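Encoded as structure tokens, the structure appears first; notes follow it.
Note: hydrogens, waters and symmetry copies are ignored here, and every other heavy atom, side chains too, is used. Predicted model only: the values in this text are computed from it and were never measured.
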Amino acid sequence: MPAKCAGLEPAQLARTTVEPSNLTLLGLVRHMAEVERSWFRRRFAGDGIGNVFADPGDGDEGIEGVHEVYADFQRFRAKVAACEAAAAGHDLDETFTSARGTTLSLRWLYVQMIQEYARYWLRRSGERPPAL
């Protein structure tokens with residue numbers, strides 16, 4: 001995701017991508033920082049951590065200047081690195097219990113994350129996913 005956003009100005013990152021969605025690239029970076037953290041750190045590793053962004057809009061409002069953009073990308077990279085560390089050394093078949101009481105594996109979690117990134121990227125590009 002950072003590679004797709006490289007070289008874009010803050011205003012470009014803050015512009016909605018596909019009508020009628022209010023999704024922006026920066027909003028997607030902010031949202032995925034929270035999604036990664038929630039799944040790998042909070043759910044898989046059981047870390048008692050709070051949210052990255054305090055409001056329910058996933059931090060998509062109030063985008064101001066280059067400083068915030070760079071800070072958000074640094075935050076995203078740091079959150080992903082922490083998530084990688086949380087999963088490092090664990091077997092793909094290791095399980096954890098979801099908030100709903102379902103037993104899930106680390107393998108399932110990786111597939112879930114691939115789907116999450118793909119879903120948002122397809123939504124951002126305006127393409128429809130292929131029928132399965």
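Follow the hydrophobic side-chain contacts under 4.5 Å out from Leu92 and you reach Trp39 in the same cluster. There is a path of hydrophobic side-chain contacts, each under 4.5 Å, that joins Tyr110 to Phe96.
Phe44 has its side chain within reach of His90: a pair of non-hydrogen atoms, C-beta onward, lies under 4.5 Å apart. Contact annotation: the side chain of Glu116 approaches that of His31 to within less than 4.5 Å [non-hydrogen atoms, C-beta and beyond]. Side-chain contact check for Arg43 versus Ser38: some heavy-atom pair is nearer than 4.5 Å. Using a 4.5 Å cut-off on side-chain heavy atoms (C-beta onward), Met32 and Met113 make contact.
Between the CG atom in Leu109 and the CD1 atom in Ile114 there is a gap of 10.0 Å [rounded to 0.5 Å]. In this structure, OG1 in Thr102 is found 8.5 Å from CH2 in Trp108, a value given to the nearest 0.5 Å. Between Tyr70 atom OH and Arg75 atom CZ the span is 15.5 Å, to the nearest 0.5 Å. Atom OG of Ser105 and atom CD of Gln112 lie 11.5 Å apart (nearest 0.5 Å).
A salt bridge links Arg42 to Glu34: at least one charged side-chain nitrogen sits closer than 4.0 Å to a carboxylate oxygen.
Glu36 and Tyr117 share a side-chain donor-acceptor pair at under 3.5 Å.
In terms of modelled atom types and a separation under 3.5 Å, the side chain of Thr97 and the main chain of Gly101 share no donor-acceptor contact.
Asp72 and Val29 make their closest contact through O-CG1, 4.1 Å (heavy atoms, listed as atom of the first residue, atom of the second, distance).
For residues 87-101, the pairs satisfying salt bridge (Lys or Arg N to Asp or Glu O under 4.0 Å) are Asp93-Arg107, with sequence neighbours left out.
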